> 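Here you go, one structure.
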Amino acid sequence: GQSLEQPSEVTAVEGAIVQINCTYQTSGFYGLSWYQQHDGGAPTFLSYNGLDGLEETGRFSSFLSRSKGYSYLLLKELQMKDSASYFCAVRGPSNTGKLIFGQGTTLQVKP
Amino acid sequence: GAVVSQHPSWVICKSGTSVKIECRSLDFQATTMFWYRQFPKQSLMLMATSNEGSKATYEQGVEKDKFLINHASLTLSTLTVTSAHPEDSSFYICSARDPRSGTTTDTQYFGPGTRLTVL
């Protein structure tokens, strides 16, 4: 099966950099994605890592190490609007395309 | 980017009634859609994979006779919560993968969700 672990909460200051970690165990690996979800809203796609290394998209970066079963999401130049829940998700077995989500990390950005 | 819509955005119903939720991909064809349920302050839990033209695949522990899924066309999947009870109150979200995304990314687009409250 699949299991993912994330810290439940992270707090940071506006303008700072914050890292949200995700460790996972899967039977077969088909990629790991990060999603952002504001209260009451739908998850929105942030980034995807299929291979080891760093992917950068604007203020967001995501890193993957398949050998360690580890990923992190890095948010730079934090803004108040970045306060949200962040989920890592792995694609399910047999490359079906379905996503298995971690429990999510609530990021609170303070002024 | 690709857009997925859901209808209704919220619904309140009496216990014992059935509720149908629609999920549409607006600018792409989705042979596969996914249905998730999310309770307050919790993660998204995959309920089932909706396959166009065939039966849905349900995750372990999800009652297929209670949560009926129909994927009648390449742009529409429906989830019907039958004989709803208060414990079924939740946020139901669908998603679909844009087949145009290619292999270097894995973008799934989520609908805005449907908040179901069963009295």
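All values derive from a computational prediction rather than experimental measurement. Proteins come first, then strands; the chains are lettered A, B, ... in the order of their sequence lines, and each starts at number 1.
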> Using a 4.5 Å heavy-atom cutoff, which residues in residues 70-78 of chain A come close to chain B?
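Residues of residues 70-78 of chain A touching chain B at under 4.5 Å: none.
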> For atom CD of A/Q79, is the number of surrounding heavy atoms from other residues, nucleotides or ligands below 6.0 Å larger than 12?
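Above 12, so yes.
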> Is there a path of hydrophobic side-chain contacts, each under 4.5 Å between heavy atoms of I/L/V/M/F/W/Y residues, joining B/L76 to B/F34?
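No, because B/F34 and B/L76 fall into different hydrophobic clusters, even though each may have its own neighbours under 4.5 Å.
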> For residues A/Y24 and A/I100: do they belong to one hydrophobic cluster (side chain heavy atoms under 4.5 Å, members Ile, Leu, Val, Met, Phe, Trp, Tyr)?
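The answer is yes; both residues are in one hydrophobic cluster.
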> Just checking B/H7: does its NE2 atom have more than 12 heavy atoms from other residues, nucleotides or ligands closer to it than 6.0 angstrom?
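Incorrect, the count does not exceed 12.
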> Drop me the distance from B/Q38's CD to A/F101's CZ, to the nearest 0.5 angstrom.
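Here the rounded value is 9.0 Å.
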> Quick check: are there more than 12 heavy atoms from other residues, nucleotides or ligands sitting under 6.0 Å from NZ of B/K66?
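Correct, the count exceeds 12.
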> Is it the case that one hydrophobic cluster holds both B/V11 and B/V118, taking links as side-chain heavy atoms less than 4.5 Å apart, direct or via other members?
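Yes, it is one cluster - the side chains of B/V11 and B/V118 are joined through contacts under 4.5 Å.
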> So does A/Q25 have more than 12 non-hydrogen atoms from other groups sitting under 6.0 Å from CD?
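Check fails, neighbour count at 12 or below.
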> B/F91 and A/Y35: same hydrophobic cluster, using ILVMFWY side-chain contacts below 4.5 Å?
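Hydrophobic grouping puts B/F91 with A/Y35.
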> Under a 4.5 Å heavy-atom cut-off, does chain B meet the side chain of A/Q37, its backbone, both or neither?
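Looking at A/Q37, just its side chain touches chain B.
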> Ignoring hydrogens and angles, tell me if any N or O in the side chain of B/S43 forms a donor-acceptor pair with the backbone of A/G104 under 3.5 Å.
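Absent.
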> Go through the atoms of B/E59 and report whether side chain, backbone, both or neither lie under 4.5 Å from a heavy atom of chain A.
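Only the side chain of B/E59 comes within 4.5 Å of chain A.
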> May I ask whether B/M33 and B/F110 are part of the same hydrophobic cluster, defined by side-chain heavy atoms of I, L, V, M, F, W, Y residues being less than 4.5 angstrom apart, directly or through others?
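Each belongs to a different hydrophobic cluster.
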> What pair of heavy atoms forms the shortest contact from A/A42 to B/G111, and how long is it?
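Shortest heavy-atom separation between A/A42 and B/G111 comes out as CB-O, 2.9 Å.
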> Using non-hydrogen atoms only, which part of B/I93 is less than 4.5 Å away from chain A: side chain, backbone, both, or neither?
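For B/I93, side-chain heavy atoms alone lie under 4.5 Å from chain A.
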> Minimum heavy-atom separation for B/Q42 to A/F87, with atom names?
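In this case the closest contact between B/Q42 and A/F87 is O-CZ, 4.2 Å.
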> In Å, rounded to the nearest 0.5 Å, how long is the span from CG of B/L46 to CG of A/L99?
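Interatomic distance, B/L46 CG to A/L99 CG, rounded to 0.5 Å: 8.0 Å.
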